[in-house]
Colleague: 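I have a structure here, written as structure tokens, and I will follow up with some questions on it.
Residue numbering restarts at 1 for every chain, and letters A, B, ... go by the order of the sequence lines.
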Number of protein chains: 2
Amino acid sequence: MIELRHLRYLVAVAEEGHVTRAAARLGIQQPPLTRQIHDLEAAVGAPLFDRTPRGVRLTEAGEAVVEAARTILDQAAALPDLAGRAARGERGRLAVGYTSSAAFHPFVVREIRAFGQAFPGVRLVLEEESTAELVRDLAGGRLDAAFLRAPPGEAADLRIDPLLEEPMAAALPAGHPLAARTEGVALEDLAGETFVLYRRLAGPGLYDAIIAACHAAGFSPMVGQEAPRMPSTLSLVAAGLGVSLTPASMRRLNVEGVTLVPLTRAHGLAAPLLLATRPQGSAAAERFRGAILAAARLET
Amino acid sequence: MIELRHLRYLVAVAEEGHVTRAAARLGIQQPPLTRQIHDLEAAVGAPLFDRTPRGVRLTEAGEAVVEAARTILDQAAALPDLAGRAARGERGRLAVGYTSSAAFHPFVVREIRAFGQAFPGVRLVLEEESTAELVRDLAGGRLDAAFLRAPPGEAADLRIDPLLEEPMAAALPAGHPLAARTEGVALEDLAGETFVLYRRLAGPGLYDAIIAACHAAGFSPMVGQEAPRMPSTLSLVAAGLGVSLTPASMRRLNVEGVTLVPLTRAHGLAAPLLLATRPQGSAAAERFRGAILAAARLET
DNA sequence: CGATCCGATATCTCGCAGGTATGGAATGAT
DNA sequence: ATCATTCCATACCTGCGAGATATCGGATCG
């Protein structure tokens with residue numbers, strides 16, 4: 001059976017051109033080295049050296065085998081490093097999901113990109129899904145981490161780390177009287193409006209937080225249409241079906257016919273950005289979580 | 001020190017998911033296998049398996065290492081085949097030279113190409129040189145084989161194998177009275193002409209053969225210009241400096257202003273095609289020689 | 001709670017890598 | 001020629017470590 005020892009010896013003899021000298025370099029004696037070379041030649045079924053009076057010289061078969069042996073030895077020598085990097089999560093596969101509204105937050109896109117550049121060995125797979133789908137895929141192991149806007153119910157035991165609290169903005173149709181108030185509107189100012197909201201689905205989310213904040217502001221909001229995804233609420237606002245409250249970063253969407261105005265006096269209403277991960281996730285996932293949490297701490 | 005044994009055992013355990021079952025498959029007992037796996041984990045510096053009550057499962061580091069181990073083992077397993085093919089001359093490097101006139105012989109180009117396709121593992125290096133350079137490079141080991149037109153002197157001990165005897169043709173300037181004789185001209189018809197000939201250099205070549213044939217035809221040729229390379233003689237013919245005698249395959253050159261007419265009654269004059277190789281050349285060279293000689297035998 | 005399964009640990013042994021001694025072929029100096 | 005030198009090959013011995021045997025220990029399950 002061929003062993004790496006044979007290949008190491010072969011390379012040494014090939015480089016020295018002398019069995020005796022190679023043996024000295026390897027820290028062994030010449031006879032055992034001769035025997036190992038013979039064993040290797042028997043194993044590959046062809047002589048690898050021409051014996052000359054002044055040493056040995058590779059045959060053509062020897063040339064070919066030495067070349068292959070070098071790459072094999074290099075790969076074997078790289079195994080500890082490979083294992084170390086895999087164990088430290090610096091390589092592997094990492095599936096990250098996010099809700100449509102998180103996709104517009106500059107923090108999310110910037111940090112995902114930064115992680116990908118810092119660890120090129122990690123193959124990033126990105127997925128935009130609804131909150132419910134994200135939670136399901138995390139539990140099912142199809143995702144390693146997900147950016148959410150609101151904590152799902154106590155569903156599958158996921159780690160939820162709050163990252164940032166983002167101010168909210170009022171989304172108003174272009175012609176709305178309050179749309180000119182670029183310095184901001186108070187939540188109370190929207191008391192008489194019809195609200196278009198992101199559909200409630202998995203657990204208490206932004207929906208409930210908005211209702212609660214309105215109550216705190218002293219009115220009960222009239223809810224009209226509900227939209228399945230955050231960006232579609234803005235389309236409904238543009239269509240004049242009401243006003244909405246969205247995270248301020250949704251400004252990036254730049255929907256025609258919709259003006260986003262900062263929400264002053266929000267009565268505690270803010271859009272949280274959360275990271276959900278599985279407990280004892282993959283090493284890459286742990287490393288990702290660490291990087292994201294650190295970046296979030298820097299951000300505030 | 002990591003050995004292939006460790007990798008073989010690792011792959012077996014990874015595939016079985018059981019140390020005990022893998023040991024049975026490997027034909028050894030479980031405790032030594034456990035120890036080898038531990039040794040490997042120590043060598044790579046990371047645990048490769050998670051031990052569960054029902055067996056073992058690869059860690060992420062284990063996944064990465066197993067993948068690398070598989071390719072290493074495959075490469076090692078391919079060594080005997082690799083050595084065998086290298087020894088049989090089915091891979092390696094083969095430098096083939098040819099004189100400019102041989103380059104126009106369809107046999108040469110066809111057989112070189114056929115050899116390259118039959119043995120893709122052999123890297124072919126082609127070189128067009130003068131006969132003297134070819135002989136020198138063969139002797140110096142820079143060439144493995146060369147197609148020549150005439151045997152060099154008893155120079156370096158090269159093996160010379162005659163391949164084909166090609167008829168000669170008379171190269172006449174376009175306006176020459178004999179140029180219209182498409183059925184051929186006899187050597188005697190050229191008795192009064194001035195001859196443009198390929199320069200004599202290394203040993204007796206085509207030059208001497210032509211002189212001898214003319215004498216056999218009953219005249220002594222008047223030699224005007226001499227050219228260093230076969231194709232340039234045709235240029236001199238086109239320039240009206242005389243007529244010439246060339247191998248019939250030079251028709252492929254299609255030089256403007258030159259007509260090649262078959263040489264009837266050549267008095268034994270013919271253009272030989274020879275293969276020169278070094279005795280005890282590389283395995284690839286031997287294989288090449290064998291293929292060329294076989295092809296030449298089929299040809300006649 | 002015993003039965004069972006499976007990896008870990010402890011100890012022994014024997015095969016083989018490696019050591020020692022010497023042979024033998026080719027080259028070169030005298 | 002002959003002897004010295006240089007290297008690889010061969011013969012035989014030794015000691016380390018891969019592998020065998022026996023047993024332990026923890027987890028799961030009827």
Colleague: Testing the basics here: between V122(A) and G89(A), what is the closest heavy-atom pair and its distance to 0.1 Å?
Modeller: CG2-O, 3.5 Å
Colleague: Which residues pass the salt bridge (Lys or Arg N to Asp or Glu O under 4.0 Å) test with R57(A), sequence neighbours left out?
Modeller: none
Colleague: What pair of heavy atoms forms the shortest contact from R8(A) to I2(B), and how long is it?
Modeller: NH2-O, 3.1 Å
Colleague: Only counting residues at least two apart or in another chain, list the ones meeting salt bridge (Lys or Arg N to Asp or Glu O under 4.0 Å) with R88(B).
Modeller: E90(B)
Colleague: Strictly below 4.0 Å, N to O, side chains only: are E41(B) and R51(B) in salt-bridge contact?
Modeller: yes
Colleague: If you take any heavy atom closer than 4.0 Å to DNA chain D, which residues from residues 40-62 of chain B end up in contact?
Modeller: P53(B), R54(B)
Colleague: Considering only residues two or more places apart or on different chains, which pairs with a residue in residues 5-55 of chain A satisfy ring pair (Phe, Tyr, Trp, His ring centres under 6.0 Å)?
Modeller: none
Colleague: Decide yes or no for F147(A) and L275(A): does some side-chain heavy atom of the first lie under 4.5 Å from some side-chain heavy atom of the second?
Modeller: yes
Colleague: Do L148(B) and T99(B) have side chains that approach each other closer than 4.5 Å (heavy atoms only, starting at C-beta)?
Modeller: yes
Colleague: So how far off straight is the helix from dC1(C)-dG30(D) to dT30(C)-dA1(D), going by the axes through five pairs at either end, to 10°?
Modeller: 20°
Colleague: Begin with the C-alpha distance, continue with both residues' side-chain angles, and end with the deciding distance and a verdict on salt bridge (Lys or Arg N to Asp or Glu O under 4.0 Å) for R85(B) and D81(B).
Modeller: CA-CA 6 Å; R85(B) 276 183 300 148; D81(B) 181 58; 3.2 Å; yes
Colleague: Which heavy atom of V13(B) sits nearest to which heavy atom of I37(B), and what is that distance?
Modeller: CG2-CD1, 4.0 Å
Colleague: So that I can tick it off, tell me whether E133(A) and R142(A) are bridged by a salt bridge, with the cut-off set at under 4.0 angstrom between side-chain N and carboxylate O.
Modeller: no
Colleague: Under a criterion of less than 4.0 angstrom to any heavy atom of chain A, what are the 5'-terminal and 3'-terminal contacting nucleotides of DNA chain D?
Modeller: dC7(D) to dA11(D)
Colleague: Between which nucleotides of DNA chain C, 5' to 3', does chain B make heavy-atom contacts below 4.0 Å?
Modeller: dC6(C) to dA10(C)
Colleague: For R25(A), check salt bridge (Lys or Arg N to Asp or Glu O under 4.0 Å) against everything at least two apart and list the hits.
Modeller: E15(A), E16(A)
Colleague: With sequence neighbours excluded, what pairs up with Y98(B) under the ring pair (Phe, Tyr, Trp, His ring centres under 6.0 Å) test?
Modeller: none
Colleague: Taking all heavy atoms of P162(B) and all of L274(B), pick out the closest pair and write down the distance.
Modeller: CA-CD2, 3.6 Å
Colleague: Among all residues two or more places apart in sequence or in another chain, which pass the side-chain contact (heavy atoms from CB on, under 4.5 Å) test with E63(A)?
Modeller: L58(A)
Colleague: What is the ring orientation for F107(B) with H105(B), classed by angle as parallel under 30°, tilted 30 to 60°, or perpendicular over 60°?
Modeller: perpendicular
Colleague: Can you find a pair of side-chain heavy atoms, one from L7(A) and one from L4(A), that are under 4.5 Å apart?
Modeller: yes
Colleague: Near DNA chain D, under 4.0 Å by heavy atom, which residues of residues 6-22 of chain A?
Modeller: H18(A), V19(A), T20(A)
Colleague: Of the residues in residues 23-38 of chain A, which ones touch DNA chain D at a heavy-atom distance under 4.0 Å?
Modeller: Q30(A), P31(A), T34(A), H38(A)
